[in-house]
Amino acid sequence: AQSVAQPEDQVNVAEGNPLTVKCTYSVSGNPYLFWYVQYPNRGLQFLLKYITGDNLVKGSYGFEAEFNKSQTSFHLKKPSALVSDSALYFCAVRDMDTGRRALTFGSGTRLQVQP
Amino acid sequence: DAGVIQSPRHEVTEMGQEVTLRCKPISGHNSLFWYRQTMMRGLELLIYFNNNVPIDDSGMPEDRFSAKMPNASFSTLKIQPSEPRDSAVYFCASSFEGGAYEQYFGPGTRLTVT
């Protein structure tokens with residue numbers, strides 16, 4: 001079975017400071033990893049993904065994430081937070097070795113960026 | 001492309017009534033997913049289709065829920081009869097298997113059953 005853990009329900013950061021939203025995963029095979037963002041009353045928007053290759057992946061709006069196989073982590077980062085980054089962030093995993101196409105999502109982390 | 005389209009955006013109905021949610025995936029995508037989001041349970045996969053064929057419906061709560069995909073550009077999720085505990089936001093998502101793999105989500109349907 002595959003699973004995702006987002007240990008923080010909420011992350012607070014001041015505008016201009018770096019931000020990190022944590023994610024760890026569990027799969028039996030090789031993982032495909034994704035980050036999504038959800039603004040109020042909106043659907044989830046794709047931010048970035050790790051499939052293979054470079055462990056540091058860059059995505060939309062200046063976000064990046066680092067895949068760490070030994071720690072089974074895929075933390076989301078941004079060097080300088082904006083107030084407009086305040087939203088709900090979801091990490092998701094897919095086990096590419098099972099053939100199952102569905103994603104398993106974490107419980108979400110609410111990011112609050114203070115001006 | 002207009003993205004994934006869902007209708008209606010909001011639905012309020014009385015317990016016992018039939019509810020039908022609709023989804024139009026992104027053109028060219030060959031996989032379609034239905035999710036449900038609630039505060040208590042988060043984001044749950046209900047069912048997914050590949051090339052219009054249901055692959056995994058293990059997340060469908062019970063027989064009151066059914067989903068169809070008659071063609072590549074349309075899917076429905078039906079609840080009959082509806083119950084107050086079905087109140088949630090229902091999302092449809094689509095993806096292209098064999099390519100990018102990421103799923104693109106529609107805006108969701110907020111269902112309230114009174």
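It should be emphasised that the depicted structure is a prediction, and the values quoted were computed from it without experimental measurement. Residue numbering restarts at 1 for every chain, and letters A, B, ... go by the order of the sequence lines.
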Most heavy-atom pairs under 4.5 angstrom with chain B, which of A:Arg94, A:Arg42, A:Gln45? A:Arg94
Max heavy-atom pairs within cutoff under 4.5 Å with chain A, candidates B:Ile55, B:Val89, B:Leu43, B:Leu45, goes to B:Leu43
Pair count under 4.5 Å, heavy atoms only, with chain A: among B:Pro107, B:Gly42, B:Gly108, B:Ala93, highest is B:Pro107
Side chain, backbone, both or neither: which part of B:Arg110 has a heavy atom under 4.5 Å from chain A? side chain
Chain A heavy atoms under 4.5 Å from B:Gln37: which part of the residue, side chain, backbone, both or neither? side chain
Mind checking the CZ-CZ spacing from A:Phe34 to A:Phe46? Nearest 0.5 Å is all I need. 7.0 Å
Would you kindly say whether A:Glu66 and A:Asn68 are connected by a side-chain donor-acceptor distance under 3.5 Å? no
Verify whether one side chain among B:Gln103 and B:Tyr35 offers a donor that lies under 3.5 Å from an acceptor in the other. yes
At a heavy-atom separation under 4.5 Å, does A:Gln38 approach chain B through its side chain, its backbone, both, or neither? side chain
Quick one: does A:Asp95's side chain have a donor or acceptor within less than 3.5 Å of a partner on A:Gly29's backbone? yes
Describe, in one word, how the ring planes of A:Tyr25 and A:Phe67 are oriented to each other, choosing from parallel (under 30°), tilted (30 to 60°) and perpendicular (over 60°). parallel
